[in-house]
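Single-structure report; data block below.
Order of the sequence lines fixes the chain letters, A, B, ..., with proteins taken first and strands second; residue numbering starts at 1 for each chain. Predicted model, so just to flag it, every value in this text is computed and none were measured.
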Amino acid sequence: MSNETILNIDNIKVYYGDLLAVRDISLSIKRGQIVSIIGANGAGKSTILKTISGLLSPRGGTIKFLGEDITGHKPFKTVAKGISMVPEGRHIFPRLTVRENLLIGAYTPKARHQSEKACKKIFSLFPILEERADQLGTNLSGGEQQMLAIGRALMSDPQLILFDEISLGLSPLIIKDIYQKIKDINNEGITVLLVEQDIKRSLKASEWTYVLQEGRVVLQGKPDSLTEVQIRKAYFGA
Amino acid sequence: MDRAGKIRISLLILIIVVLASVSVFGDRYTKMLFMLIFLYMALGQFWNLLGGYSGLVSLGQQIFIGLGGYTLAVTVLNYNFPIWLGVLTGGIVCLVFALIISKAIFRMSGVYFSIGTWVVAESLAIWFSNWEYVEMGQGLFIKPAKLFSVSDIYYLSMIVGIGSVILVYFLLRSKLGLALMAMRDNPGASEVCGVSVFKNKLYCYLISSFGTGIVAGVLYMNIIFIQPNQAFGIDWTVALVFISIIGGIGTIEGPIIGAVVYVLLQQWLSNFSSASMLVLGIIAILIMLILPRGIMGTIQQKLGFEILSPRRYL
Amino acid sequence: MEEYFQLILNGILLGGLYAAVGVGLSMMFGIVKQVNLAHGDLMILASYLCMVLITHLKFLNLWTAVILVVPIMFAVGFLLQKYIMNRVQGMGMEPPLIVAFGLSIIIQNGLMLIFSPDSQSLETPLAIMSLRVTDMFYIPAIYVIDFLTGIALIIFLHLFFKYSYLGWAIRAASDDENTAQLMGIDTRNIYAWAMGIAISSAAVSGILIGATKNFYPHTGPQYLIIAFGVTIIGGVGSMAGTLLGGLVLGLAQLLGGKIFGPGYQLLSGYIILLALLAVRPQGLLSKAGRAD
Ligand SMILES: Nc1ncnc2c1ncn2[C@@H]1O[C@H](COP(=O)(O)OP(=O)(O)O)[C@@H](O)[C@H]1O
Ligand SMILES: [Mg+2]
């Protein structure tokens, strides 16, 4: 595993109107890692992911991807550079079929050339999607929709993929299955940043974790080096 | 009464005296200008009451201009009503018509409402153009109105103009107005009080229709001739939208400033009516792109106060 | 009897034309959730543009002019969305509505200043040709062309949305703007493309109108209302619905005119539209709730 830094966030501040949701956060991810961010509801996890992907712009600080400054770049630029995101709540396009949902994931010119090949690869990763290829995305079960959302994000051939609460509302069996797939994806060399409220699951899956509280990083480290007491304290501020 | 209240009342009296004296000292042309400003100001207030405060962007205010004008013409010509009664009847006809169509158009929201009201106006234009009772498309000549002097109509216009401002001002300060503004500024909250939202909007619509009908009567006392395509034409709404947005949508001062600008612009370009409409269109777009709050709205935002604030600070 | 048969046939043919009039408006309504109040005026602008090309620039005929007018109107729509409408998008309902309203006024009065209020028409040999159905009963050839072009336009758009990347991107952006961006779609640019396509379709229908009927600077709003009617009857954004909407309005106008007198042609269409707006604003075909 190389030591190259793929994503480097330095002191970003993100606001919603006047509300400061992310306060001076810095974090850094090395190529090939699985990194997790945990924190209570409203801690600012989704805000960080949205800022990396470009849906939100920080009002201070910088974001570098592979050494290049991408602060404030719109998502269509960050996606083309190799960052992909699975949004919280899946957000399958309701009027598109499963196949169309996947193909739209390969919208960038570079990915579009390979879209048929990429589609086949997703079907072998999630065979259920092939069976349902011509149904509307919204007709799938929650777990299948999550697979579709992950597949769709992979279609652009990303180097870094952001997962926002993918286990939300799914049964433990399906969650286990999906986390196995994340391992598979990571083994192919894709760097993973995942956000979860489910502490145990994400600690087990990741090599490094950041604990967020009210928009600040209050604790970070290798998951096995953090004690439960430390985490609980950081998590609940008690 | 507090100090600010006293100052306001004295100012109002001063303004009325000054404006009334225009009728004595001003020449015919000046009087005409002021008259038009008063009337458009009133029409603008009633449009703004809907578009600026109730979220009802009507493209069909010409419904009530046409109905108000035609009622005046028909009652005066066919039934020998005195003019004042004709104008009042016009307002009542508008109120009743608004009540009837509200059953249908209040089931529409947003842009559906806008176009729905417009289609009603277009339908009326067609209906009146084919209705023998009102001489079809030829129109009616409101002869008895010629008895009135320019000064008479001037005072009447002044009354409806200033009256509309006062009416809207107090309306907005009432419970109804506060509810409307709360709804406008905080759409989430409006869902909580579901039923009263509908009622408040309906009241506003009825008041606006009645007011517009009355103003239309005074307007047609001056124009004297009424014809369906003109009376029910979209050009009225173009003017009202322009007046409200240039002054500042959702402010009481907005339509006053807007009416002044509109009437002066009309005079300036009066020989080329297409050109003046063209200029209005361009200004409307520029305002939306550059100053979406209009002149008054922008001043209020910059200075942080409202001259005619309908808000009551508790 | 035969008279009614003829009327119904003409109504259906007119319906195809109306579907073409409405399809662009319906499409944009579905995508940006805004009614382009200048839709009818942009149509009529295309009619005038075509007229200028034919008469003043001595172009060969109507069909060669079309090849120029449609791309020009595409550019108009694209630039309009990119540099004006996109700037007021997301500011609530009034600003986009008022900007489009302003544009409508500009086009109408601009045409008025340049071309006078006189009515115009596009000269084409087709206008005087007709097809014989029975001895008593002929249909104007241009009606058939209107109908076929309208259908072709709708089929083309349907295939475009179903099978092209741009089509998927437009549908995705209209369903969920943020998520579409996460797919790498520059949604603002996509809206401009969509408007370009919508206005191209308006241009096609404007040229058909010009070849079929008289037009003058203030004809636009009349077609806007028809386009809106088609959209409401068929359901916002539905291609098949557009066709239904066109047929309903076409038949309503001709039958209404027959029953109540020619002065009431438009009125019959308006009444149907109002009734529908009040009762079923989401359209006849739609199962879902309100479209807005
Ligand atoms: N669209 C928004 N507008 C205003 N505030 C928001 C918005 N989205 C999130 N917030 C606020 O920002 C903070 C962080 O939210 P978020 O990043 O979604 O938290 P998390 O994903 O950790 O649950 C919360 O206080 C939340 O209320
Ligand atoms: Mg979240």
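Residue A:Arg90 holds its CZ atom at 12.5 Å from OG1 of C:Thr179, rounded to the nearest 0.5 Å. If you take NZ on A:Lys77 and CG on C:Asp186, they are separated by 9.0 Å, rounding to the nearest 0.5 Å. Between the OH atom in C:Tyr163 and the CG atom in A:Leu103 there is a gap of 12.5 Å [rounded to 0.5 Å]. Between the CG atom of A:Asn101 and the CZ atom of C:Arg171 there is a distance of 9.5 Å, given to the nearest 0.5 Å. In this structure, A:Phe93 CZ and C:Asp176 CG are separated by 5.5 Å, a value rounded to the nearest 0.5 Å. We find the CD-CZ distance between A:Glu100 and C:Phe161 to be 12.0 Å, quoted to the nearest 0.5 Å.
Contact of the C:Ile185 side chain with the A:Val79 side chain is not registered, since no non-hydrogen atoms from C-beta on lie closer than 4.5 Å. Side-chain contact between C:Thr187 and A:Lys74: absent, with no pair of heavy atoms (C-beta onward) separated by less than 4.5 Å. Inter-residue side-chain proximity for C:Leu182 and A:Pro87 is flagged as met; some heavy-atom pair is nearer than 4.5 Å. Side-chain contact check for A:Tyr107 versus C:Ile190: some heavy-atom pair is nearer than 4.5 Å.
Counting heavy-atom pairs closer than 4.5 Å to chain C, the top-ranked of the candidates A:Ser53, A:Ser84, A:Pro94 is A:Pro94. Note: A:His91 leads A:His91, A:Met85, A:Lys50 in heavy-atom pairs under 4.5 Å with chain C.
Counting heavy-atom neighbours within 6.0 Å of C:Arg188 CZ, excluding the residue itself, gives a total above 12. Annotation: A:Glu214, atom CD; neighbour count of heavy atoms from other residues, nucleotides and ligands within 6.0 Å does not exceed 12. Few gaps surround CZ on C:Phe160; more than 12 heavy atoms of other groups in view lie less than 6.0 Å from it. Within a 6.0 Å sphere centred on NZ of A:Lys81, other residues, nucleotides and ligands contribute more than 12 heavy atoms. Atom NZ of A:Lys181 has more than 12 neighbouring heavy atoms from other residues, nucleotides or ligands inside a 6.0 Å radius.
Smallest separation of non-hydrogen atoms from A:Ile104 and C:Ala172: CG1-CB, 4.2 Å. Contact detail for A:Gly105 and C:Met183: the closest heavy-atom pair is CA-SD, 3.8 Å.
No part of A:Ser156 comes within reach of chain C, as not one of its non-hydrogen atoms sits under 4.5 angstrom from that chain. Contacts between A:Ala106 and chain C at a heavy-atom distance below 4.5 Å involve backbone atoms as well as side-chain atoms.
Counting only distance, with no hydrogens or angles, the side chain of C:Asp175 and the backbone of A:Arg95 share a donor-acceptor pair below 3.5 Å.
A cation-pi arrangement, defined by a distance under 6.0 Å to the six-membered ring centre and an angle within 45 degrees of its axis, is present between A:Arg112 and C:Tyr165.
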